[in-house]
Amino acid sequence: MASLDDLKELYFQECDELLEAMAEGLRDMENSPDHSEAIHSVFRAVHSIKGGAGAFDLSVLVDYAHRFETLLDHIRAGRIQTNAELMSLLHRAGDHLSDHISAAKGQIPPIAAADPKIISAMEAALPTGASDPEAEPTPDFAPLALSLAELTPIAPIAETRDPPIAIGNPALLRRIIRFAPHPALYRAGHDPALFMRALADLGQIEVTVHHAQLPPLDSYQTGDAGLFWEIVLTSDATAHEVQGVFEFVEDLAEITIRTDSDATAAQDDLTGQESRPTAAPEAIAAPLSAPNATGVDTQSAPAPAPAHPPVSSDTPAPQATKSVATIRVNLDRVDRLINLIGELVIKEAMLGQTIETAGLPANSDIHKGLDGVRQLASEIQESVMAIRAQPLKSVFERMHRVVREASDATHKPVRLITEGEDTEVDKTIIEKLVDPLTHMLRNSIDHGIEARAARITAQKHEEGIIRLSAAHRSGRIVIEVSDDGAGINRDKVRHIAEARGLVAPEAQLSTAEIDNLLFLPGFSSKDEISALSGRGVGLDVVRREIQSLGGRVTIQSTPGSGTSFTISLPLTLAVLQGMLVDVEGQTVVIPINAIVETIQPHTVQIHSTGTHTRVVQNRGELVPLVDAGQSLNLRQALHNINDRILIVVETDKFNRAALLVDRIHDTRQVVIKSLEENYGEIPGISAATILGNGRIALILDPDEIVHAAATPHPLALEVCHA
Amino acid sequence: MSFRILAIDDSRTMRHLIGAALEPHGYDMHFAEDGIAGIEVLPQADPHLVITDINMPRMDGFGVIEAVRASDDYATIPILVLTTESGADLKARARASGATGWIVKPFDEEKLRAIIGRTIGA
């Protein structure tokens with residue numbers, strides 16, 4: 001059985017999802033005037049957070065969530081109109097709720113009470129007279145108002161035992177309960193027998209069934225309520241306990257409870273709902289025959305069949321169809337599975353090699369079998385990667401808050417637009433994206449977006465726009481943060497870099513190189529450290545974090561119209577589909593996702609554009625020809641390339657290039673083995689893999705190869721070292 | 001014979017809590033994450049009791065009660081409503097819609113079992 005801690009952890013997981021749903025709903029409310037579904041989903045999210053919090057005694061959270069919920073309820077019911085001010089309050093309230101949850105998780109110091117500013121703003125927003133000063137008390141069952149109407153006083157019936165017990169134990173009390181269900185009681189799924197049983201749990205009961213009002217069988221309608229019961233209960237239960245039995249049916253039946261003891265009547269007659277017998281009973285139905293009217297003791301209280309007949313034990317229960325949405329699996333187990341699949345892929349490649357060496361014909365059964373195994377291995381791998389993949393949504397949602405806070409701190413109105421939040425990324429990568437993205441967004445707001453006055457002067461909308469988008473592109477995840485700000489002030493950047501000795505004054509730098517100076521350690525374009533983005537973290541840290549994920553950050557800026565940072569990340573960190581090619585006797589792997597097509601050089605036109613540069617005419621477009629052998633420093637420039645192969649690759653930026661290689665082997669899954677740990681970063685090489693014959697092959701990074709070939713000095717860093 | 005209970009709640013936490021409170025006591029638990037899903041699984045789950053949340057997407061708890069009461073096979077099974085509100089309003093509405101009883105969240109496990117026991121005679 002799950003422990004309370006496990007359940008609490010599940011609750012917190014769900015809270016994260018609910019907070020996302022809440023944030024999404026709030027944005028929907030802002031974006032569409034007809035937001036009835038949005039407000040409902042916000043309400044439900046806060047409501048569910050509150051409901052769970054109650055179960056774990058998180059009283060501060062319950063209290064705050066309740067106030068928030070109250071406000072939302074008024075909005076939901078249309079008693080409060082939404083406007084920009086209210087939306088801003090809701091956002092802040094949502095952020096504060098998120099803080100409460102973080103505090104409950106122990107991630108931040110405990111919050112002793114909700115932020116009084118938010119609370120008072122919430123109260124001010126409520127319609128007049130609708131304040132909700134007290135958080136809802138943890139309710140106990142409310143006392144019942146049992147009907148005394150139409151009381152027909154009844155004398156004790158079928159008394160089989162004098163109450164000697166009452167003498168021995170003064171707390172014991174005899175009560176006479178009349179219970180006459182309305183038809184609605186049966187329709188609401190109640191079974192009168194169960195009330196008898198519940199009373200029997202309180203003490204000794206004697207039950208009399210009266211059936212005089214039961215219609216004749218031939219005119220009986222299902223659900224007709226012709227029966228009523230009289231129960232004599234002898235017990236030490238309190239009035240509250242006895243009433244509690246009838247809690248759910250107070251207006252579905254006529255219920256009267258009378259004490260049958262002068263001595264204790266006053267004491268027990270707390271609510272006036274129990275009364276002493278006043279008169280002799282009117283003639284009720286004639287004494288009933290034995291099965292119906294018997295004095296019984298606790299042990300043998302009659303228990304008529306329940307309204308819904310239970311299935312007998314020898315009938316097998318239908319197959320359980322529990323709609324289990326998720327199971328929780330330790331991440332280690334998934335990782336182990338991924339490692340095993342990596343091994344499987346290598347073994348499969350080795351087996352393939354052995355079969356090939358054995359010289360079996362290609363149509364032999366063993367080849368077909370191997371193909372089947374390959375197919376399966378690839379499907380298994382995809383399925384396992386899918387387990388780890390999660391949409392970027394969770395990260396993007398958190399960025400709205402980052403932007404809101406940064407916008408408040410800098411007094412620059414900024415709107416964040418997110419796109420492609422459904423893009424799925426490996427979980428490990430997702431978790432490590434939060435910090436770099438947070439920093440990039442703060443950077444964009446602090447340095448990218450102009451102050452309000454400057455924007456107005458530039459004839460821009462005073463609200464800055466930051467676009468955060470994600471997409472799968474040529475086998476990688478590409479995340480872009482772009483602002484519509486002033487763009488990079490290159491003169492200033494260069495000036496600062498020179499002043500800090502990061503670049504020599506005489507160095508010739510292209511605009512791209514100047515932009516890249518921002519990523520240098522120790523560069524900070526603000527003269528003073530700003531409260532917002534200058535928390536001792538520079539874009540160099542962002543770059544390092546992205547690189548540690550096997551990714552890259554690039555920057556593009558247009559003066560006057562904005563700056564855009566592009567992060568490119570590998571889809572998975574474990575396996576990739578690659579094309580094995582020969583370059584100057586070396587086997588190298590080109591990620592298949594980057595490949596657009598392969599062409600034979602003699603079928604296309606190739607033009608020289610300089611002494612060392614050539615372009616290929618490909619589908620009406622000129623793409624640069626890049627010799628992979630030269631890029632890897634394996635050979636000098638080739639003149640005759642007709643018997644070789646060109647592989648057109650596409651980079652993150654949609655740049656295409658034709659990579660020249662010697663021969664294509666085949667395509668296959670390769671297991672990525674990182675080189676960085678042992679060799680550091682090698683330009684143009686992203687990783688290595690183990691081939692079927694046990695040899696190592698390098699995995700090319702087409703982007704870097706193409707980029708490096710296009711720009712002789714791609715990185716400012718190299719300029720500095722020069 | 002174990003009693004089958006269908007618990008309908010959009011909160012996963014709540015479903016887990018209900019499961020943790022009842023499963024060890026021999027109840028055969030079935031779950032659904034909203035009203036529509038609950039009504040869909042009703043015949044397979046074939047419950048002796050339905051526990052339903054009120055605030056849910058797609059179909060709320062009142063909708064569930066209505067649909068169950070309108071069905072041929074389950075018109076009279078007990079339905080307990082899970083609610084955080086203890087207000088008389090909600091109780092009256094729950095009762096008017098045909099609920100058998102209610103459980104106020106946060107619930108105490110013992111109390112939950114007591115109410116269920118009382119409702120289905122388990």
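Here is how names work: the chains are called A, B, and so on, in the same order as the sequence lines, proteins then strands, and each is numbered from 1.
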For this session: Could you tell me whether the side chain of B/Leu17 reaches within less than 4.5 Å of the side chain of A/Phe56, counting heavy atoms only?
Result: yes
Exercise. Does any heavy atom of chain B fall under 4.5 Å from the side chain of A/Ala198, the backbone, both, or neither of them?
Worked result: side chain
For this session: Mind checking the CZ-CD spacing from B/Arg58 to A/Glu37? Nearest 0.5 Å is all I need.
Result: 11.5 Å
For this session: Name the region of A/Ile49, side chain, backbone, both or neither, that has any atom closer than 4.5 Å to a heavy atom of chain B.
Result: neither
Seminar exercise, completed: Heaviest contributor of heavy-atom pairs below 4.5 Å to chain A, chosen from B/Met14, B/Glu40, B/Met56, is B/Met56
For this session: Mind listing the closest non-hydrogen atom pair of B/Trp102 and A/Phe248 along with its distance?
Result: N-CE2, 3.0 Å
Exercise. Chain A heavy atoms under 4.5 Å from B/Asp10: which part of the residue, side chain, backbone, both or neither?
Worked result: both
For this session: May I ask you to test the A/Arg44-B/Pro57 pair for a side-chain heavy-atom distance under 4.5 Å?
Result: yes
For this session: State, yes or no, whether a side-chain contact exists between A/Glu14 and B/Ser11 at a heavy-atom distance under 4.5 Å.
Result: yes
Exercise. When you measure from the centre of the six-membered ring of A/Tyr11, is the NZ or CZ of B/Arg12 under 6.0 Å away and within 45° of the axis?
Worked result: no
Exercise. Are the side chain of A/His47 and the backbone of B/Asn55 linked by a donor-acceptor contact shorter than 3.5 Å?
Worked result: no
Seminar exercise, completed: Whatever's closer than 4.5 Å to a heavy atom in chain B on A/Gln13 counts as both
Problem set entry | Contact check, side chains of A/Leu7 and B/Thr13, non-hydrogen atoms, under 4.5 Å | no
Exercise. Contact part of B/Leu80 toward chain A, heavy-atom cut-off under 4.5 Å: side chain, backbone, both or neither?
Worked result: side chain
Exercise. Okay, side chain of B/Arg69, backbone of A/Ala188: is any donor-acceptor separation there less than 3.5 Å?
Worked result: yes
